[in-house]
Number of protein chains: 2
Amino acid sequence: MDVARSELFETGTPVACASCQARHGVVCGALSNGQLRELNRHSLRRKVEAGCEIIAQGSESSFYSNIMRGVVKLCKMMQDGRQQIVGLQFAPDFVGRPFVRESTLSAEAATDAEICVFPRNLIDRMISETPELQRRLHDQALKELDAAREWMLTLGRRTAGEKVASLLYLIATHAEPQTATSTAFDLPLSRAEIADFLGMTIETVSRQMTRLRKSGVIRIENFRHIIVPDMDELERMISA
Amino acid sequence: MDVARSELFETGTPVACASCQARHGVVCGALSNGQLRELNRHSLRRKVEAGCEIIAQGSESSFYSNIMRGVVKLCKMMQDGRQQIVGLQFAPDFVGRPFVRESTLSAEAATDAEICVFPRNLIDRMISETPELQRRLHDQALKELDAAREWMLTLGRRTAGEKVASLLYLIATHAEPQTATSTAFDLPLSRAEIADFLGMTIETVSRQMTRLRKSGVIRIENFRHIIVPDMDELERMISA
DNA sequence: ATCTCTGTTTGATCTAGATCAAACCATACC
DNA sequence: GGTATGGTTTGATCTAGATCAAACAGAGAT
């Protein structure tokens with residue numbers, strides 16, 4: 001499943017920045033036309049399939065990327081195999097860690113995804129030359145910090161039922177298409193991944209999902225597709 | 001116990017930047033002599049006692065501060081009273097959240113402490129004028145993010161015994177004075193606070209502490225003072 | 001259509017940690 | 001000295017969630 005780091009640079013298609021949805025995102029939105037042209041020449045757009053490891057825990061990575069489509073999970077693993085997902089990133093988030101050489105976590109495509117890969121040293125140079133880029137990356141780091149701390153509350157103090165509701169709520173509010181009250185989306189995570197995100201077992205995840213289903217808070221189609229008839233109802237399950 | 005925000009500005013003693021231990025810290029280390037003089041004129045040094053709330057969850061705060069002495073805990077509280085400590089800050093850390101008006105967490109002195117209080121708008125201006133300051137704050141945000149994610153692993157996937165060992169290890173490695181192998185320190189947190197940091201109950205915390213004591217990994221004097229004869233031994237309890 | 005194979009649900013049982021309750025122990029105050 | 005007081009430990013019991021085990025369901029492959 002893994003993709004060697006070099007391979008990520010060797011394959012892929014050229015980038016069309018002008019028509020890119022991330023043109024005004026965290027990174028590219030901070031760049032001048034000249035910078036963007038330079039970045040364009042050295043970047044590649046790549047499809048990665050679900051399960052593909054983009055950055056490996058404990059390794060040095062020589063690139064950053066933008067998520068163009070799909071969901072990426074950030075994982076920390078212990079030697080004995082216990083695993084914790086510590087964050088999810090959605091398009092058009094930026095993935096990578098300025099300043100630090102070695103990653104303390106792995107980033108892995110949770111769904112089939114598309115990423116736009118940048119050489120690390122090029123971006124590092126642009127950060128040092130572009131205060132606005134620095135500001136935006138700083139701002140994203142603070143948002144991720146808030147999200148991490150919010151999830152610490154979920155991990156430490158919420159019950160199994162509240163945890164699953166929190167996860168569904170998180171995904172529902174980050175998935176794209178929503179009608180007025182009702183919301184539908186595909187879960188980007190398997191039951192095992194949900195368990196690793198919530199710090200519990202797949203059996204408990206499954207039981208809590210059927211509890212939510214039987215109480216009418218959600219409908220489940222084909223294991224992965226979730227319909228939330230009333231988001232307020234779901235929100236109430238969290239006791240935020 | 002709480003200190004009104006305005007009060008934090010009204011009382012306190014002038015700052016002596018030249019001889020200050022935080023002179024080369026995250027914030028002040030990035031400033032020119034001129035900036036430092038200006039900051040000096042508008043800052044105050046204050047003692048705060050254990051339990052004093054420095055920033056309240058859900059409120060706007062009009063200042064930032066440096067911790068000069070003591071330990072500050074960052075807490076998130078649910079309406080029903082459940083609480084989770086999401087981080088500890090040690091001297092000479094910076095406390096505050098640039099860019100964001102309303103705090104999603106509270107900051108409270110865990111021990112008697114001393115802080116150096118800066119007006120928010122002054123620092124915000126200096127951030128926009130000083131790329132080096134921005135870089136350092138960005139760097140600190142990334143360090144806090146790493147720490148938060150590391151703790152997510154502890155909350156989600158470690159056992160009660162491993163959790164307590166993790167906490168002792170965290171504090172031991174942040175407390176100042178250490179000899180070659182053996183380490184001694186005062187716990188900055190009560191059993192109740194430890195429980196809120198580890199997502200468990202005080203009884204379980206207490207039981208795990210006595211387990212560690214009886215197995216010789218730690219010695220406990222006067223509830224708060226901890227001696228770790230062999231840090232490697234403690235580290236082994238974590239199964240990092 | 002049948003047979004994997006992998007992910008999911010459901011059921012039965014067990015246990016780590018929570019809860020309930022009491023004893024303990026410093027410190028401060030009368 | 002006694003005696004409140006707040007934090008801490010220890011003990012007895014309970015339970016939410018883990019573990020063990022089996023059935024189930026969809027997607028490919030033959």
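Letters go in sequence order (proteins before strands), and every chain restarts at 1. Scope of the values below: all heavy atoms of this structure, side chains included, with no hydrogens, waters or symmetry mates.
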Can you sort out which residues in residues 70-80 of chain A have a heavy atom within less than 4.0 Å of DNA chain D? Ascending by number, please. none

Using a heavy-atom cut-off of 4.0 Å across all strands, would you classify B/R213 as base, sugar-phosphate, or nothing? sugar-phosphate

Remember a base hit wins even if backbone is also touched, and classify B/S190 as base, sugar-phosphate or nothing at under 4.0 Å, heavy atoms. sugar-phosphate

Mind checking the [atom1]-[atom2] spacing from [X] to [Y]? Nearest 0.5 Å is all I need.
X      : Y      : atom1 : atom2 : result
B/F118 : B/S62  : CZ    : OG    : 14.0 Å
A/L105 : A/K76  : CG    : NZ    : 5.5 Å
B/L198 : B/I85  : CG    : CD1   : 9.0 Å
B/L142 : A/L142 : CG    : CG    : 8.5 Å
B/I115 : B/N66  : CD1   : CG    : 9.5 Å

Polar pairs (N or O, both sides) under 3.5 Å between protein and nucleotides 22-24 of chain D?
none

Rounded to the nearest Å, what distance is computed from the [atom1] atom of residue [X] to the [atom2] atom of nucleotide [N]?
X      : N      : atom1 : atom2 : answer
A/R191 : C/dT6  : CZ    : C1'   : 14 Å
B/F223 : D/dG6  : CZ    : C1'   : 11 Å
B/E193 : D/dG7  : CD    : P     : 10 Å
A/D186 : C/dG7  : CG    : P     : 17 Å
B/D196 : D/dG7  : CG    : C1'   : 14 Å
B/I202 : D/dG7  : CD1   : C1'   : 8 Å
B/N222 : C/dC24 : CG    : C1'   : 14 Å
A/R224 : C/dT9  : CZ    : P     : 11 Å

If an axis is fit to five pairs at each end of the helix from C/dA1-D/dT30 to C/dC30-D/dG1, what is the angle between the two, to the nearest 10°? 20°

I'd like to know if the side chain of B/D230 reaches the main chain of B/D232, judged simply by a donor and an acceptor atom lying under 3.5 Å from each other, with no hydrogens or angles considered. yes

For [Y], is there an ion pair with [X] - N to carboxylate O distance below 4.0 angstrom?
X      : Y      : value
B/D112 : B/R69  : no
A/R82  : B/E162 : yes
A/K73  : A/E108 : yes
B/R45  : B/E114 : yes
B/R219 : B/E221 : yes
A/R158 : A/E150 : yes

Under the salt bridge (Lys or Arg N to Asp or Glu O under 4.0 Å) rule, what pairs show up with a residue in residues 196-217 of chain A, not counting sequence neighbours? A/D196-B/R157

Contact letters for nucleotides 11-22 of chain C, in which S counts primed atoms plus P, OP1 and OP2 and B counts the base, heavy atoms under 4.0 Å: BB----SSBB--

Using the test salt bridge (Lys or Arg N to Asp or Glu O under 4.0 Å), find all partners of B/E233 that sit at least two apart in sequence or belong to another chain. B/R236

